[in-house]
There are 2 protein chains.
Amino acid sequence: MSAHIFVVEDEKPILTLLTYNLEKEGYKVSSSSNGEEALPLIKEKKPDLVLLDWMLPDLSGIKICQYLKQDEKVKNIPVIMLTAKGEEEDKVKGLNTGAEDYITKPFSFPELLARIKSLLKRVKPNIVSEEATYLDLKIDRESMKVFRKEKEISLGPKEYKLLDFLIKQPKRVYSREQLLEHVWGDDINVESRTVDVHITRLRQSINIEGAKPLIRTVRSAGYSLEN
Amino acid sequence: MSAHIFVVEDEKPILTLLTYNLEKEGYKVSSSSNGEEALPLIKEKKPDLVLLDWMLPDLSGIKICQYLKQDEKVKNIPVIMLTAKGEEEDKVKGLNTGAEDYITKPFSFPELLARIKSLLKRVKPNIVSEEATYLDLKIDRESMKVFRKEKEISLGPKEYKLLDFLIKQPKRVYSREQLLEHVWGDDINVESRTVDVHITRLRQSINIEGAKPLIRTVRSAGYSLEN
DNA sequence: TAAATATTTAACAAATCTGTAACATTACTC
DNA sequence: GAGTAATGTTACAGATTTGTTAAATATTTA
């Protein structure tokens, strides 16, 4: 499964070059040479990574980045900013926009590629596929069905979300707070012990005869999907 | 593996504060309060980042930065300059020296920390890596598991934290007080002898048949992860 | 070598953390 | 609108972890 990269760049030669090279590397590329139209497109398409020219003519890259990083739904998409040489002083300003990386134009493509890969590796959990499995557990996100050993299991909405989240990085341990943030949403105000209860319910649901328990408790730390 | 930061600052209180706080965050810190001696030291030690006072008495920070940025071997080390308030207008001048960031004194430590992290992220994308090893000991921070010779070891929360901290800089000796601060947290009030007990427990946990002891006691000084 | 100093370890009580049942409340379905 | 399902909270039992103490052991000093 390949990552989807969104490029916002008004300099056509650069855009063409980037698109060409990135696609050659196997990435799916979308682009816009116009800041104003880029923002809604990014929110709609939810790419895995955004390459953003610092100084776009209409809506500047800095602004776009700020908007993205303020929006709950897309703030986790990593952003690499392309800053031209003369704008280097603005780097400091850029720190506060929350972009994950900066590259000064003109840049070497291999370097860019390395940085892209490095970032994508870190946000792997955001790259979701239609189907995920862990051992004998399978989740089909299209039909929203869950199977254990080929047998369908019925989960409540929250249990489904919880599993959906945990299975993205099965072995990673998440704190109750992290789970609340990602599964419940961070504005919500819910006791962290509530997570325990839902974990218990999820455990009961996915537990079938003759199968291992799949959720690990890590004392004073949290939970992970693992046995 | 933790990042190495070099601080050049002639104001002793600031230098002390910085060193203290940075080490508390787990960074390795070297320093110099003298510009002339700093330059060769930086070239020799090749830290991951340099914090540089703008106006040093002998050899100014600007000069040092210029020299660093002209030297092929160290030009890639990011530099953060600490400018005093009155010197703010000189920022523009400073930009040409190639420093990566500027902070005006007095500064808030959390802000400095954020900038350091942001810079380090670019240079060393995974400075606090998800995995650390020392000899036959491995700690996976993602799943929060510890292995000795490929075999999983189960640790209590505090033991895990202790090891997690010690392994960031193996061989470095930490006093009981330092360990209390880093592993327990500094508001807490716990006897320093308690550290001994936890070290003992950690020793027992990570000690498996036919493997060397990995924690060294340094009499009247503290402990280190070393054999 | 004895005394002084420092560290290791076992034992135990106190504190903390987790699992789950029970219940109240809210949201949804027909 | 009644009935059903889902959700969040609380309470409590049981399990694990933690800090302290004190005695045993080790190391240094005089």
(message) Does dT18(C) have OP1 or OP2 under 4.0 Å away from a side-chain N or O of R176(A)?
(response) yes
(message) Starting the side chain at C-beta, find the nucleotide from dT8(C), dT9(D), dG19(D) nearest to V190(A).
(response) dT9(D)
(message) Starting the side chain at C-beta, find the nucleotide from dT7(C), dT20(C), dT9(D) nearest to R201(A).
(response) dT9(D)
(request) Nearest whole angstrom, please: distance from the C1' of dA11(D) to the CD of E191(A). (result) 14 Å
(request) Over 60° means perpendicular and under 30° means parallel, so classify the ring planes of Y174(A) and F165(A), tilted if in between. (result) tilted
(message) Among dG19(C), dA6(C), dT9(D), which nucleotide has an atom closest to any side-chain atom of T194(A)?
(response) dT9(D)
(request) Would you indicate, yes or no, if dT7(D) has its OP1 or OP2 atom less than 4.0 angstrom from a side-chain nitrogen or oxygen of Y160(A)? (result) no
(request) Check the distance between dT20(D)'s P and K158(B)'s NZ and give it to me in whole angstrom. (result) 11 Å
(request) Could you walk me through whether E226(A) and R216(A) pass salt bridge (Lys or Arg N to Asp or Glu O under 4.0 Å), step by step? (result) CA-CA 6 Å; E226(A) 197 175 8; R216(A) 177 165 77 115; 3.5 Å; yes
(message) I'd like to know if the side chain of E9(B) reaches the main chain of E11(B), judged simply by a donor and an acceptor atom lying under 3.5 Å from each other, with no hydrogens or angles considered.
(response) yes
(request) For the side chain of R193(B), starting at C-beta, report the closest nucleotide among dT8(C), dT20(C), dG8(D). (result) dT8(C)
(message) Between the side chains of D53(B) and K105(B), is the shortest nitrogen-to-carboxylate-oxygen separation below 4.0 Å, so that they form an ion pair?
(response) yes
(message) If I take atom CG in residue L162(B) and atom P in nucleotide dT17(D), what distance separates them, rounded to the nearest angstrom?
(response) 15 Å
(message) The side chain of V197(B) is closest to which nucleotide in this list: dT20(D), dT8(C), dT7(C)?
(response) dT20(D)
(request) Starting from C1' on dA15(C), measure out to CG on N189(B) and report it in whole angstrom. (result) 15 Å
(message) Please report the distance, rounded to the nearest Å, between CG in L180(A) and C1' in dT7(D).
(response) 13 Å
(message) Among dT9(D), dT7(C), dT20(D), which nucleotide has an atom closest to any side-chain atom of T217(B)?
(response) dT7(C)
(message) Starting the side chain at C-beta, find the nucleotide from dT7(D), dT18(D), dT7(C) nearest to D196(B).
(response) dT7(C)
(message) Using OP1 and OP2 only, check whether a side-chain N or O of W184(A) sits under 4.0 Å from dG8(D).
(response) yes
(request) Report the distance from atom CD of E177(B) to atom P of dA6(C), rounded to the nearest whole Å. (result) 12 Å
(request) Just compare dA10(C), dT7(D), dC17(C) and give me whichever is closest to any side-chain atom of S220(A). (result) dC17(C)
(message) Without decimals, in angstroms, what is the distance between I199(A) CD1 and dT18(C) P?
(response) 11 Å
(message) When you measure from the side-chain N and O atoms of Q204(A) to the phosphate of dG19(C), is any distance below 4.0 Å, counting only OP1 and OP2?
(response) no
(request) For dT20(C), take OP1 and OP2 only and decide whether either is under 4.0 Å from a side-chain N or O of T200(A). (result) yes
(request) Return yes if some donor-acceptor pair links the side-chain N/O of D58(B) with the main-chain N/O of G35(B) below 3.5 Å, else return no. (result) yes
(message) If I take atom NE2 in residue H198(A) and atom C1' in nucleotide dA5(D), what distance separates them, rounded to the nearest angstrom?
(response) 13 Å
(message) Given 3.5 Å as the limit, does a donor-acceptor pair link the side chain of H182(B) with the main chain of E23(B), or not?
(response) yes
